[in-house]
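What follows is one structure encoded as structure tokens, with my remarks underneath.
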Number of protein chains: 2
Amino acid sequence: MNNKPIIHTKEACNAAVNAVRDTLYVVNGKWKLPMLVSLMTGPKRFKELQRELESITPKVLSKELRDLELNGFIKRTVYDTTPVTVIYERTDYADSLSNVINEMREWGMNHREHIKQMSRDEAEARKAVAV
Amino acid sequence: MNNKPIIHTKEACNAAVNAVRDTLYVVNGKWKLPMLVSLMTGPKRFKELQRELESITPKVLSKELRDLELNGFIKRTVYDTTPVTVIYERTDYADSLSNVINEMREWGMNHREHIKQMSRDEAEARKAVAV
DNA sequence: CCGGATCCGCCTAGATACTG
DNA sequence: CAGTATCTAGGCGGATCCGG
């Protein structure tokens with residue numbers, strides 16, 4: 001019918017775009033990744049996380065922890081001491097992100113080089129014009 | 001020195017986190033992916049893109065196009081007609097994203113199922129308590 | 001100690017109107 | 001046609017104070 005030879009129906013593309021956006025959403029923001037990284041060395045208490053992430057405010061930390069919990073990346077456990085002790089720890093499910101994260105890390109590093117090269121090329125072009 | 005057996009130095013982790021954030025940043029937002037998808041079927045003019053992406057405003061489209069161009073994902077060409085014709089097209093470099101995008105798409109789809117399962121489990125738990 | 005509640009400033013997407 | 005100019009709104013991150 002048209003010149004698109006492949007399986008790119010509009011609906012499939014939209015579903016794909018949405019799936020990608022979901023992924024973007026769950027790891028996006030300033031703190032989510034550092035938090036998951038910080039929890040890789042073991043379970044932590046609220047205050048410990050706050051100290052490690054230096055400069056995060058309790059409100060934001062609390063919200064981010066809730067987000068991560070809702071997505072199943074961390075588990076929150078309350079111990080009935082006085083005062084209460086709250087422990088946060090990574091779940092196994094958090095590891096399911098590793099492929100995505102690695103791809104992103106790798107691409108991001110290459111991209112940094114690519115951008116540098118682009119601006120070098122551009123500088124050369126400007127020089128050529130200037131002469 | 002400490003109990004971390006692996007190669008996770010603080011600096012390496014930070015660099016990794018930054019690389020990941022770069023990747024997140026360049027494809028983030030409501031429009032970047034749909035735009036790249038739309039340009040997969042061939043070069044397009046400004047107005048064509050606006051029509052395909054229905055509901056994007058020219059200001060936002062213009063900004064997003066600039067972003068994509070700065071990252072080297074698209075090429076902008078001005079033809080000296082009256083009135084001027086401007087053509088946007090994907091670069092080969094845009095294809096370098098395919099691995100990342102595919103991983104994200106796949107993970108996003110699985111995650112949707114995972115979330116569903118989590119809420120089902122939770123509903124079960126509530127039912128058990130209610131009885 | 002672990003947060004919740006409230007207020008506040010910023011950034012940016014969007015709406016609308018306009019220009020070369 | 002291919003954008004720019006101006007204004008507004010709302011969401012997010014931060015600061016500060018409060019409570020269990």
Side-chain angles (χ1 to χ4, degrees), chain A residues 17-18 20-39 42-71 73-90, chain B residues 14 17-18 20-22 24-39 42-71 73-90:
Chain A
V17 167
N18 283 334
V20 174
R21 256 209 282 274
D22 288 350
T23 307
L24 286 170
Y25 187 76
V26 298
V27 291
N28 208 356
K30 192 171 172 182
W31 300 110
K32 301 236 169 60
L33 287 175
M35 287 168 72
L36 288 174
V37 169
S38 168
L39 285 174
K44 301 264 165 69
R45 307 180 56 170
F46 190 90
K47 205 65 176 184
E48 287 180 281
L49 284 167
Q50 194 179 351
R51 267 192 298 271
E52 279 201 35
L53 299 169
E54 49 195 64
S55 90
I56 194 172
T57 62
K59 170 193 163 186
V60 175
L61 177 56
S62 156
K63 175 191 170 292
E64 300 286 291
L65 285 168
R66 260 198 309 278
D67 286 355
L68 291 178
E69 194 189 0
L70 278 173
N71 281 315
F73 296 148
I74 64 172
K75 188 158 146 323
R76 178 180 187 271
T77 314
V78 182
Y79 293 95
D80 192 12
T81 55
T82 44
V84 293
T85 309
V86 183
I87 294 289
Y88 298 92
E89 56 189 318
R90 276 175 69 109
Chain B
N14 282 343
V17 167
N18 283 334
V20 174
R21 254 210 281 274
D22 288 350
L24 285 171
Y25 189 75
V26 297
V27 292
N28 207 357
K30 191 173 173 181
W31 300 109
K32 302 237 169 62
L33 287 174
M35 288 168 73
L36 288 174
V37 169
S38 167
L39 286 174
K44 301 265 164 69
R45 306 177 59 166
F46 189 90
K47 203 67 175 184
E48 287 180 281
L49 284 167
Q50 196 179 349
R51 267 192 298 270
E52 279 202 36
L53 299 170
E54 50 196 61
S55 91
I56 194 173
T57 62
K59 173 190 163 186
V60 174
L61 178 56
S62 154
K63 177 196 170 285
E64 299 288 288
L65 284 168
R66 261 199 307 276
D67 287 354
L68 292 178
E69 193 188 1
L70 278 174
N71 281 314
F73 296 148
I74 63 173
K75 189 159 147 324
R76 179 180 186 270
T77 315
V78 182
Y79 292 96
D80 194 10
T81 55
T82 43
V84 293
T85 309
V86 182
I87 293 290
Y88 296 93
E89 56 189 319
R90 276 174 70 109

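Letters A, B, ... mirror the listed sequences (proteins, then strands); counts begin at 1.
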Below 4.0 Å: OP1/OP2 of [N] and any side-chain N or O of [X]:
X       : N      : value
A:Lys47 : C:dG3  : no
B:Arg45 : D:dA2  : yes
A:Arg66 : C:dC2  : no
B:Trp31 : C:dG14 : yes
A:Arg51 : C:dC2  : no
B:Thr57 : C:dT16 : no

Note to self: With hydrogens left out and only the distance checked, is there a donor-acceptor pair under 3.5 Å joining B:Lys59's side chain and the base of C:dG14?
What the structure shows: yes

Check: Base, sugar-phosphate, or nothing for B:Tyr79, non-hydrogen atoms under 4.0 angstrom?
Finding: nothing

Check: How do A:Val60 and A:Pro83 order along DNA chain D: which one's closest nucleotide is nearer the 5' end?
Finding: A:Val60

Next item on the list: Assign each of A:Glu64 and B:Ser62 to its nearest nucleotide of DNA chain D by heavy atoms, then name whichever residue's nucleotide is nearer the 5' end.
Entry: B:Ser62

To the nearest Å, how far apart are [X] [atom1] and [N] [atom2]?
X       : N      : atom1 : atom2 : answer
B:Ile56 : C:dT12 : CD1   : P     : 16 Å
B:Glu48 : D:dA2  : CD    : P     : 8 Å
B:Lys63 : D:dA2  : NZ    : C1'   : 18 Å
B:Leu49 : D:dA2  : CG    : C1'   : 12 Å
A:Leu61 : D:dC12 : CG    : P     : 17 Å
B:Ile74 : D:dA2  : CD1   : P     : 13 Å
B:Leu53 : D:dA2  : CG    : P     : 14 Å
A:Gln50 : D:dT16 : CD    : P     : 14 Å

Note to self: Can you tell me which nucleotide in C:dC2, D:dA2, C:dG14 comes closest to the side chain of B:Phe46?
What the structure shows: D:dA2

Item checked: Which nucleotide in C:dA13, C:dG4, D:dG3 has an atom nearest any side-chain atom of B:Val86 -> D:dG3

Item checked: Gap separating the CD1 atom of B:Ile87 from the CZ atom of B:Arg45, nearest 0.5 angstrom -> 6.0 Å

Checklist line | Separation between CG of B:Leu68 and CG of B:Leu39, rounded to the nearest 0.5 Å | finding: 8.0 Å

Looking only at non-hydrogen atoms, find the nearest pair between [X] and [Y] and report the distance.
X       : Y       : answer
B:Trp31 : B:Ser55 : CH2-OG, 3.5 Å
A:Val26 : A:Lys32 : O-CD, 3.4 Å
B:Ser38 : B:Lys44 : O-NZ, 2.7 Å

